[in-house]
Protein chains: 2
Amino acid sequence: MSTPGRGLHGHVLDTLGPAITAGEYPPGSVLRTDELAHHFEVSRSVMREAVRVLESMHLVESRRRVGVTVRPKAEWNVYDPQVIRWRLAGADRPHQLRSLTVLRSAVEPVAAGLAAQHATAEQCAELTECALGMVANSRGHRLEEYLVHDVAFHRVVLNASGNEMFARLGDVVAEVLTGRTHHEVMFEDPDPAAVTLHVRVAEAVRARDAARAEELTRQITAGALQELDILAP
Amino acid sequence: MSTPGRGLHGHVLDTLGPAITAGEYPPGSVLRTDELAHHFEVSRSVMREAVRVLESMHLVESRRRVGVTVRPKAEWNVYDPQVIRWRLAGADRPHQLRSLTVLRSAVEPVAAGLAAQHATAEQCAELTECALGMVANSRGHRLEEYLVHDVAFHRVVLNASGNEMFARLGDVVAEVLTGRTHHEVMFEDPDPAAVTLHVRVAEAVRARDAARAEELTRQITAGALQELDILAP
DNA sequence: AGACTCAAAAAGTCAGACTTATAAGTCACA
DNA sequence: TGTGACTTATAAGTCTGACTTTTTGAGTCT
């Protein structure tokens with residue numbers, strides 16, 4: 001999915017990042033670079049690079065004579081894909097999942113409306129293809145195949161919106177959808193109503209009907225929210 | 001606004017970050033750590049730390065035997081506040097401003113709706129106070145005072161939504177609003193209609209009327225978008 | 001009590017030697 | 001001529017040790 005273990009400092013981050021985002025070090029906790037370097041059995045230079053990265057994510061703050069202090073959660077760069085991944089892998093996964101789903105419910109409808117205005121013919125075709133793929137795999141416990149098309153569908157919509165900020169949320173949506181299929185309980189086949197909505201969004205975009213694409217997508221994300229409420233009220 | 005020049009590597013970033021985000025190094029360009037270190041007159045270790053930060057922002061990719069290659073714009077972490085600041089300071093400021101305003105138009109209405117459900121009494125009071133502050137400074141070229149209250153208003157709404165992802169967009173909104181007042185042409189006093197809308201949003205939130213708060217905020221952000229279209233069609 | 005000094009602590013910086021991965025070139029063989 | 005294996009040059013990656021700088025907290029003097 002991403003860039004795992006690119007060097008020693010990457011390995012350190014893969015351990016320290018999840019630990020911090022999981023709240024194992026409460027805000028205000030002080031770490032010392034030398035100590036960490038010894039603990040991870042790496043040189044100080046490697047450790048310093050790792051700390052710099054954590055600092056750029058606003059997870060920690062490094063100050064002379066005091067050390068590396070963990071910042072309060074409210075200051076973290078929660079849009080950093082790496083941070084999102086760490087948090088989704090950790091204890092407050094449910095909370096993070098809800099935050100992201102609410103974000104989706106705000107962004108995706110507007111993105112769909114813009115997509116209806118800006119999508120190229122090719123993107124329209126892709127969208128229809130994805131929707132059909134969802135229909136084809138919506139029965140018979142073909143969850144994996146369904147997921148692939150679902151993710152692709154939302155990615156195309158976000159890209160077709162023409163807004164770079166929306167486009168970059170493609171990975172986030174992918175994480176959320178994948179998480180729903182893999183981690184949450186998902187014995188049943190997908191809700192037929194949701195499948196139909198996707199098909200209709202594809203149609204609306206192709207028909208350049210922005211208002212309808214937006215409204216239909218709003219129904220999709222509302223369903224996703226409702227699903228969360230049922231699972232974790 | 002943020003954390004400028006915290007150490008040598010910070011100074012390097014303050015130069016290299018804006019340069020990359022401004023597109024001075026086209027995607028695929030290859031930089032060499034040693035060369036950069038020599039150019040900025042810093043040691044290799046400092047330069048390496050700077051590169052690690054740029055790498056964590058997905059602005060560049062560092063590979064053995066190749067060097068540090070600049071990644072295409074589509075892969076940048078465009079939600080990183082630092083990246084946003086660099087881009088707002090650079091050449092594609094108008095483009096970035098539009099992207100962010102579209103993002104606002106998606107997020108803020110939903111955030112206002114949630115705020116109407118979750119805002120504490122204290123937050124309601126703050127909101128009213130901000131709105132009144134806007135009214136009081138809406139005439140007589142008191143643009144700076146108006147701006148302060150405007151920024152505060154939107155921050156409170158985003159925080160009161162109870163969603164951490166929304167809350168973290170407070171800084172982004174602040175940048176956009178500040179940019180509008182300082183960089184764009186803004187001789188005139190603020191649009192009276194916009195001021196009234198803010199007051200009514202505060203009322204709606206206090207009245208726990210989520211639908212109304214959302215709709216009114218939608219009108220505010222629609223106005224912001226329209227303003228952009230007039231300035232840069 | 002307040003201001004002043006001083007020493008310890010931890011991050012920050014630097015220089016240099018060494019290691020490792022890998023792109024690219026070379027050469028032999030089919 | 002093309003293809004595979006071998007070699008080499010290169011730039012990042014790593015480690016170490018010495019030194020600098022900033023900041024805090026304790027101790028001291030008035």
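In what follows, chains carry the letters A, B, and so on, assigned in the order in which the sequence lines appear, proteins first and then strands, with residues in each chain numbered from 1.
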K.L.:
What is the ring orientation for B/Tyr79 with A/Tyr79, classed by angle as parallel under 30°, tilted 30 to 60°, or perpendicular over 60°?
P.N.:
parallel

K.L.:
Considering only side-chain heavy atoms of B/Ser62, which listed nucleotide, D/dT16, D/dG13, C/dA10, is closest?
P.N.:
D/dG13

K.L.:
Which is it for B/Glu55 and B/Arg71 under the side-chain contact (heavy atoms from CB on, under 4.5 Å) test, yes or no, and what are the steps along the way?
P.N.:
CA-CA 9 Å; B/Glu55 198 175 28; B/Arg71 305 183 91 143; 5.7 Å; no

K.L.:
Rounded to the nearest Å, what distance is computed from the CG atom of residue A/Leu8 to the P atom of nucleotide C/dA21?
P.N.:
11 Å

K.L.:
Does C/dC14 have OP1 or OP2 under 4.0 Å away from a side-chain N or O of B/Ser45?
P.N.:
no

K.L.:
Could you tell me how far apart A/Glu61 (CD) and C/dG12 (P) are, to the nearest whole angstrom?
P.N.:
11 Å

K.L.:
When you measure from the side chain of B/Ser43, which nucleotide among C/dA11, C/dT13, D/dA12 comes out closest?
P.N.:
C/dT13

K.L.:
Atom CE of A/Met47 and atom C1' of D/dT16: how far apart are they, to the nearest Å?
P.N.:
17 Å

K.L.:
So does B/Phe40 have more than 12 non-hydrogen atoms from other groups sitting under 6.0 Å from CZ?
P.N.:
yes

K.L.:
Taking CD from B/Glu55 and C1' from D/dG13, how many angstroms apart are they, rounded to a whole number?
P.N.:
12 Å

K.L.:
Let me know the distance between CD of A/Glu35 and C1' of C/dA9, rounded to the nearest Å.
P.N.:
13 Å

K.L.:
Contact class for A/Val51 vs. all strands (heavy atom < 4.0 Å): base, sugar-phosphate, or nothing?
P.N.:
nothing

K.L.:
Would you give the length of the straight line joining atom NE2 of A/His149 to atom CD of A/Glu129, rounded to the nearest 0.5 angstrom?
P.N.:
7.0 Å

K.L.:
Flag the pair A/Arg155 and A/Asp171 as a salt bridge only when some basic side-chain nitrogen lies within less than 4.0 angstrom of an acidic carboxylate oxygen.
P.N.:
yes

K.L.:
On the side chain of B/Arg44, is there an atom forming a donor-acceptor pair with the base of C/dT13 - under 3.5 Å, no angle test?
P.N.:
no

K.L.:
Can you tell me the distance, in whole Å, between the CZ atom of A/Arg52 and the P atom of C/dA11?
P.N.:
11 Å

K.L.:
Does the C/dT22 base have a donor-acceptor partner in the side chain of B/Arg64 within less than 3.5 Å?
P.N.:
no

K.L.:
On DNA chain D, does the nearest nucleotide to B/Thr33 precede the nearest nucleotide to A/Val66 from the 5' side, or the other way round? Give the residue.
P.N.:
B/Thr33

K.L.:
Would you mind reading off the distance between B/Glu49 atom CD and C/dC14 atom C1', rounded to a whole angstrom?
P.N.:
12 Å

K.L.:
Is the phosphate of D/dA12 approached by B/Arg32 (side-chain N or O, under 4.0 Å from OP1 or OP2)?
P.N.:
no

K.L.:
Does A/Arg63 reach a base, just sugar-phosphate, or nothing at all? Heavy atoms under 4.0 Å.
P.N.:
sugar-phosphate

K.L.:
Would you mind reading off the distance between B/Asp34 atom CG and D/dG13 atom P, rounded to a whole angstrom?
P.N.:
11 Å

K.L.:
Would you state whether a donor and an acceptor, one from the side chain of A/Arg65 and one from the base of C/dA9, lie under 3.5 Å apart?
P.N.:
yes

